[in-house]
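Remarks on the structure that follows.
Throughout, residue positions are numbered sequentially from 1 according to the sequence presented.
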Amino acid sequence: MKLRLYYLLSLFWCASVVADAYKPAHPLTLWYDQPATAQTSDNIWMEYSLPIGNGQLGACLFGGVGRDEIQFNEKTLWSGGPSDMGEYGFYRNFGSVLVDDLAGATDAKATGYVRFLDLEEAVAGVDYTLDGYSYSRRYISSYPDGAIAVRYTTTNPSGLHLRISVQPGEDLGNPVVAYADRDAHFSGRLTTVSYDARLRVTTSGKNATLSAGRQGLEVKDAQEVTIVLVGATNYDASAPDFTSDPAQLEQTVSQRVAKASSKGWKKLWKAHVADFTSYMGRVALQLGDASSQLPTDALVRHYNSEKYVTGREPENLFLEQLYFAYGRYLEISSSRGVDVPSNLQGIWNNVSQAPWHSDIHSNINVQMNYWPAEPTNLADMHLPFLNYIINMAGRDNWHRAATQYGKVKKGWTCFTENNIFGGMSTWGNNYFVANAWYCSHLWQHYRFTLDRDFLKKAFPVMWSCVQFWMERMIPDRGSERWGFKPDGTYVAPDEFSPEQGDYPKEDGTAHAQQLIYALLQSVKSSVDILGREECGLSEADVKQLDAYLKKTDRGLYTEPYTAHEEVDRAWTNPRNGVKKGEPLLREWKYATYDVSHDASHRHISHLMALYPLSDITTDSEYFVPAVNSLKLRGDEATGWSMGWKVCLWARALDGNHAHKILRNALRHSTSYGVNQYAGGVYYNLFDSHAPFQIDGNFGVCAGMAEMLLQSHSGVIQLLPALPDNWADGSVSGLCAVGNFQVDQRWANGRLQEATVLSRSGGACTLRYKGIAHATVKGKKVQVKVVSDDTIVITTQKGGKYNILFQ
């Protein structure tokens, strides 16, 4: 007993020493007390590396003492090309910068070690002590300077003795690295793009020397070493062949390196922090008394242990708060610059042949990457995806997918698996409705920003998509097999409900029809906003649109739960609380739910109208069937599917169930291969499909925002799905449809105060229980009471309106 008590006290003392030794400069920081290289994980990169990025140029950091690896990527380093229709290339690993300590330092010799990623400033770092001297590193990926910059410093009077080398990624054509003067450089060409990477080393210290050799650049006796790295391709989204002059690429990279290096570390760091915080600082979330003194891997273990008692423990709330911030951090870090969306891994990939090519996956994944953008005040980060859609819709290959495979004369589409050039595989080539899903993002950006110029730019793409569907849809044929007669509606023929391989096609799937109907509605609304003539439509065009809007199947039908255990043993009565006879929202127009032999299928494609679309609201006759269908699928899921379920349960106004899925999403995953039942997070908080896919990070972030604020119906719902565990807290900066920004503060599960910033003016409808009895303050404020729970404020552009509850 005494030995056990001594052991426990020792653990407590060790934890206290770590906690006292390191306190992050900013609370929203991932940190660890060991290098990634000291871990025994089967996939150190996936489990422990820390990501930085400027939206286009990214790196993953390992923090080794004897060898520091900076593995880097660039968003446009793709094989494949714009005419691909089958094999469509891979997103490639650019390579690694390796910094070896030639003085004999090792992970084991370092003391007081810490490595961190500050989410608030996007600065990563390593600090440790060796032989009584301190060593420090800082890493940034700067958007203003288009470069990765790293600084090494020490208090050791003997200085730093380092060798800096570059290792190109696999399958880049075996480029040779040249070392000369202060630089390392390599270049080459893939199928379509040429690439170029260069780093430059600068040193300080009166005895510092720098020399180039066959093995790399060697630094001796330096007190400070700065590395500037730039990697780029000649990808040009506006060019006919997607490339600019390859002869200019090396000069462009060289000039960027020279300019950044000449600024010095302090100026680089200052410009980077000012730029990044201008986005990250727009939103702040505080859950109760959330706080932690634990390293992040220990925090994840704490969350998934018996120390999770009520869920309101400061450490457990802090992990949820940190994960929300991490989603926004990754959005900013992976989606800026070039008009190319973040892919299945954002911009981070360390292998030459990543799972699913690390592609742009259009049947949920790339869309989920952008779910947090508008509501969490990052509309700017949405633009690379939106501009990609607008650009590619006018290109040959997306038109070819429509004409050759869709058998139409007008319009555009793409299939599930896509590259950055508009090339695609033909897997699931009856999945045409990705085009309508893409257009919903164009429309959502307008709804949140009220940017009329953007809508005018996007409208031709939306109209071309409508033309595709007005030509491709057919009059409903009914189904003799399933006992349905034609009903006179228009339906998409032979569509796919992702990714139901047991039943690969049927006319009028709920997924397709909900998207097509939403597309027609958004285009009709766009015509009303812009005017027919400004849209370039004739009166006949508008009449045709109205006719199709009237007759198009909405994808909203119900069926009873029949609990057919004879079809599949999973169909029990009840299943996940759904009893035999209760209504379900149909996934297929004709086939019954049990045509799928995967009762817990990760895709929930027939619930599009609940989220991310908005055709099913709480007062809809389809709301209960939709929620029953969500229940029937169950809570177990792959990583990104859990992100979707958080969003869906939030839309169902069930905050506690949404929080239950959030808990599942924060389980530690121990799988690094393809395993859809091993979802969760790794110790670096990367989402696990498994393996790592970044969409789950974004899905959960969006779901947490939906728990706190919803506006899809045009009514701003305050704290619509607040879980019991978040009884106290505040959030500022979330955005709502109509270009409103909303701050909220609550206690004991009740809203205390809300502030609305009206960026465009106009009527603002707010809903919260008893809001009619709140006090509304604001300049020349006008309030109309609709009901006890709903008010309308007439706002002025730039006006702030404070709602105070008793």
Side-chain angles (χ1 to χ4, degrees), residues 78-91 191-192 242 340-344 354-370 385-386 388-442 461-462 464-469 471-473 491-501 503-516 519 602-603 605 608 640 693 695:
W78 261 88
S79 61
S83 299
D84 291 340
M85 193 66 82
E87 289 300 319
Y88 61 113
F90 282 87
Y91 178 51
T191 320
T192 300
F242 290 94
V340 168
S342 53
N343 58 47
L344 283 176
W356 302 284
H357 299 222
S358 194
D359 67 9
I360 300 167
H361 228 66
S362 69
N363 68 0
I364 178 66
N365 312 90
V366 69
Q367 293 93 332
M368 186 178 285
N369 284 4
Y370 290 92
F385 180 36
L386 305 180
Y388 169 84
I389 296 168
I390 292 169
N391 181 25
M392 293 299 171
R395 296 300 186 117
D396 290 344
N397 226 36
W398 283 22
H399 180 64
R400 176 186 169 198
T403 57
Q404 181 177 333
Y405 290 86
K407 307 300 181 184
V408 299
K409 295 178 181 178
K410 295 180 180 179
W412 60 274
T413 194
C414 62
F415 303 136
T416 299
E417 300 174 324
N418 299 269
N419 66 24
I420 65 171
F421 312 102
M424 65 196 82
S425 83
T426 53
W427 179 84
N429 59 19
N430 64 317
Y431 184 68
F432 293 97
V433 81
N435 59 3
W437 199 340
Y438 277 12
C439 284
S440 74
H441 279 255
L442 302 174
V461 172
M462 297 166 68
S464 181
C465 187
V466 164
Q467 288 180 304
F468 171 91
W469 283 111
E471 185 176 354
R472 178 162 172 78
M473 281 196 294
V491 294
D494 298 325
E495 260 291 337
F496 188 40
S497 187
E499 292 177 4
Q500 294 282 10
Y503 194 65
K505 65 179 181 178
E506 185 179 273
D507 291 353
T509 64
H511 178 71
Q513 296 308 138
Q514 290 170 19
L515 279 164
I516 295 166
L519 169 70
R602 61 198 176 278
H603 282 264
S605 301
M608 292 292 298
W640 61 259
Q693 277 188 199
D695 38 29

For the pair [X] (side chain) and [Y] (backbone), establish whether a donor and an acceptor sit closer than 3.5 Å, ignoring hydrogens and angles.
X      : Y      : answer
Asn363 : Pro498 : no
Thr192 : Gly80  : yes
Asn391 : Tyr388 : no
Ser497 : Gln500 : no
Thr426 : Met85  : no
Tyr370 : Leu386 : no
Arg400 : Ser83  : yes

Between [Y] and [X], is there a side-chain donor-acceptor contact under 3.5 Å, judged purely by atom types and distance?
X      : Y      : answer
Tyr503 : Glu506 : yes
Asn343 : Asp359 : no
Glu495 : Asn430 : no
Trp398 : Asn435 : no

Do the non-hydrogen side-chain atoms of [X] and [Y] ever get within less than 4.5 Å of each other?
X      : Y      : value
Asn419 : Tyr91  : no
Thr191 : Ser79  : yes
Lys409 : Thr403 : no
Ser362 : Tyr438 : yes
Trp412 : Val461 : yes

Closest approach of [X] to [Y] (non-hydrogen atoms, all atoms of both residues):
X      : Y      : result
Gln513 : Gly508 : OE1-CA, 3.4 Å
Met424 : Asn418 : CB-OD1, 3.6 Å
Trp469 : Val433 : CZ2-CA, 3.7 Å
Gly89  : Asp84  : N-OD2, 4.3 Å

Checklist entry - Stepwise, does the ring-ring contact (aromatic ring centres under 6.0 Å, His included) test hold for Phe385 with His441? => result CA-CA 9 Å; Phe385 180 36; His441 279 255; 5.2 Å; yes
Checklist entry - How about Gln404: does its CD atom have over 12 heavy atoms from other parts shown lying under 6.0 Å from it? => result yes
Checklist entry - So is Arg395 actually on top of Phe421's ring, under 6.0 Å and inside 45° of the axis? => result no
Item to check | NZ or CZ of Arg472 within 45° of Phe432 ring axis and under 6.0 Å | outcome: yes
Next on the checklist: Please evaluate residues Tyr431 and His511 with respect to the criterion ring-ring contact (aromatic ring centres under 6.0 Å, His included), reporting the C-alpha separation (whole Å), side-chain torsions for both, the decisive distance (0.1 Å), and the verdict.
Outcome noted: CA-CA 10 Å; Tyr431 184 68; His511 178 71; 5.7 Å; yes
Next on the checklist: Quick one, Asn369 with Asp695, criterion side-chain hydrogen bond (donor to acceptor under 3.5 Å, both in side chains). Give me CA distance, side-chain angles, the key distance, then yes/no.
Outcome noted: CA-CA 5 Å; Asn369 284 4; Asp695 38 29; over 6 Å; no
Checklist entry - Would you call Glu471 and Lys407 a salt bridge, taking side-chain N to carboxylate O under 4.0 Å as the test? => result no
